[in-house]
Amino acid sequence: MNAKNIETLKKENMNLAEKIYIFDTTLRDGEQTPGVALTVDEKIQIAQKLNNLGVDKIEVGFPASSPGEMESAKRIKNRELDSRLVGLARSLTGDIDAVIDADLDYIHTFIGTSPLHRDYKLKKSKEDIIHSSVVAIDYAKDHGLTVEFSAEDATRTERDFLFEIFNEVVDAGADFLDIPDTVGVLTPIVTRELITDIKNNFKTPISVHFHNDFGLATANTLTAIECGANQAHVTINGLGERTGNCSLEELVMTLKSAYNIDLGLDTTRLYSLSNLVGRLTGVKMPVNKPIVGDNAFAHESGIHVHGILNNASTYEPMSPEMVGHSRKIVLGKHTGANAVKAKLKEHHIDLNEKQFDKVFKNIKSLGDNGKCVTDDDLIAIAITELASARETPIVIKGLSISMGANVSPTATVKLEIDGVEKETASTGVGPVDAALNAIRELIQDTMDIELEEYNLEAITGGTDALAEVFVISSDSDGNKSTGRSTNQDIVMASILAVLDSINKLLLINRSIL
């Protein structure tokens, strides 16, 4: 969609606020993610990075809840950040005193308003709820605080009572009215009706705090902004209770890229911020997480990669650089030749057409076997091909390994030597040794070789890692040659590497190499 169409949509279908504030609650609601507990120093790190990102407000925690929360609030305050710092408090004077003691000047106070919260959690009447809210706001305003009032479980609160309590807290001096979708039950169409109704009845700025129980937190928050919400509560990586909150990175980048609304944040910091929070909380992001997931800008399909290499916009709605991410061309069963060539060029590896065809077929085969080919895998495969003998007088035609407890490993090997097939079986101290003994027996009429050096290395981690084998062999005339192979099977990699070195020795003897 072009900028002109977006501007038309804004005018005709949206009631955007003049200023949209980002209220980050990673250090409060985000830390309520089950299993997450941040130290004071970790909270300070995150707060500093949120400040560098440029968020308007940071909810630093719930000072009344523990000494650690109080300490972190005070120490973050001492950093003298540009972001406005906020403390959470129930509608209780003791909680408000804790926010004051933390030297914070912005309070987020809340109380449950829905029938479920009134009857089962608080066991208070509507009148008691309103009274507690007003007393708390009066107390906070008397102490010079900016007050944001949350009607907890607002989206399941009777509309007439929600408006009644909002009227009372506005009269008491509330600076922001927050609408929490506490259990994430909103849908965009209901969000539109609710926020529009509140905007039509109240002049006080509106904040929204939406949970993600049905995966709609970001969509509902965007809808609320379209209808005039002034502020959005978010968390890094969408952390929070149960399934979390509206994701900071998803909201900010959707506004920037799809709505053409730039909030003035340094979005190039998003990926590193996401990674930091993932490491500190132990909550690793799914690879397909929008914006910051490992696969957000990863491509394997040959059709997609071909488009990306010509113009990244063909399959990317934004550039990875916008969020501090990077593009990845992944090699596998869906990979096209263009992707492999681009990767080889990136690593300055030049193959002729025949060599490339072999490398490409190898990658396809590995992909069909469920292997994701890394850059290191590709480099090893390509180098193996570059280093291979130009001719192969000896070719492996078959291999069978037999082994078990208290039984010597036996390898049956079939080779084609100068067009003639030969087969034998041999034992050894292990399957590799048995296979190499069989090869020596099969080629003894052709040449006598000695394996001088054998090196085995797993290219990448994991049980499906490719094995890279490098050998040095010598013949009876003192000639030496190297052999190299890359294969998922260690025994086969060893055999192919040894055969490569043998073929090179044969070519030396025949004055071809």
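What you see is a predicted model, and the numbers here were worked out from it, not measured in a lab.
Between V208 and A224, the shortest heavy-atom distance links the atoms CG1-CB, 3.8 Å. Closest approach of A467 to L456, counting heavy atoms only: CB-CD1, 3.8 Å. Listed here is the closest heavy atom pair of I401 and P431: CG2-CB, 3.9 Å.
Side-chain contact of S473 with S501: a donor-acceptor pair under 3.5 Å is present, judged by distance alone. Side-chain contact, D181 with T155: a donor N or O sits under 3.5 Å from an acceptor N or O.
Take L386 and apply the side-chain contact (heavy atoms from CB on, under 4.5 Å) test, not counting sequence neighbours, and it matches I349, L351, Q355. For P286, the side-chain contact (heavy atoms from CB on, under 4.5 Å) partners at least two apart in sequence or on another chain are N288, K289. Looking at residues two or more places apart in sequence or on another chain, you find a salt bridge (charged side-chain N to carboxylate O under 4.0 Å, His left out) between R192 and E226. Checked against side-chain contact (heavy atoms from CB on, under 4.5 Å), R75 has the following partners two or more places apart in sequence or in another chain: V40, D41, I44, E71. Listed by chain and number, the residues in a side-chain contact (heavy atoms from CB on, under 4.5 Å) with S365 are N369 (sequence neighbours excluded). Under the salt bridge (charged side-chain N to carboxylate O under 4.0 Å, His left out) criterion, K57 pairs with no residue, sequence neighbours left out. Looking at residues two or more places apart in sequence or on another chain, you find a salt bridge (charged side-chain N to carboxylate O under 4.0 Å, His left out) between R269 and D266.
A donor-acceptor pair under 3.5 Å links the side-chain atoms of T25 to the main chain of D29, judged by distance alone. Side chain of N212 to backbone of A217: a donor-acceptor contact under 3.5 angstrom is found. A donor-acceptor pair under 3.5 Å is formed between the side chain of D475 and the backbone N or O of G478. Remark: the backbone N or O of V429 is paired with a side-chain donor or acceptor of D433 at under 3.5 angstrom. No donor-acceptor pair under 3.5 Å is formed between the side chain of D56 and the backbone N or O of F23. Under the 3.5 Å distance criterion, the side-chain polar atoms of T26 are matched with a main-chain donor or acceptor of I236.
Counting only residues at least two apart or on different chains, the side-chain hydrogen bond (donor to acceptor under 3.5 Å, both in side chains) pairs with a member in residues 409-421 are D418-R510. For residues 352-370, every residue pair satisfying the salt bridge (Lys or Arg N to Asp or Glu O under 4.0 Å) rule, not counting sequence neighbours, is listed here: K358-E385. Residue pairs meeting the ring-ring contact (aromatic ring centres under 6.0 Å, His included) criterion with at least one member in residues 358-380, sequence neighbours excluded: F356-F360.
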Side-chain donor/acceptor pairs under 3.5 Å, residues 318-326, sequence neighbours excluded:
from	atom 1	to	atom 2	distance (Å)
S319	OG	M322	N	3.4
H325	NE2	G293	O	2.8

Atom pairs and distances, donor-acceptor, side-chain atoms in residues 484-491, under 3.5 Å, two or more places apart:
from	atom 1	to	atom 2	distance (Å)
R484	NH1	E468	OE2	3.3
T486	OG1	A380	O	3.4
T486	OG1	T384	OG1	2.9
N487	OD1	D489	N	2.9
D489	OD2	V491	N	3.1
D489	OD2	M492	N	2.7

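Heavy atoms from other residues, nucleotides or ligands lying under 6.0 Å from OH of Y21 number 12 at most. Few gaps surround CG on N78; more than 12 heavy atoms of other groups in view lie less than 6.0 Å from it.
Salt bridge absent: R28 and E69 never bring a charged side-chain N and a carboxylate O closer than 4.0 Å.
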Could you go through K397 and E423, starting from their C-alpha distance and side-chain angles, then the distance that decides it, and tell me whether this counts as salt bridge (charged side-chain N to carboxylate O under 4.0 Å, His left out)? CA-CA 9 Å; K397 288 296 186 177; E423 180 178 332; over 6 Å; no
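One distance of note links OG1 of T424 with CD1 of I443; it measures 12.5 Å at 0.5 Å rounding.
In this structure, H233 has its ring center at least 6.0 angstrom away from the ring center of H211.
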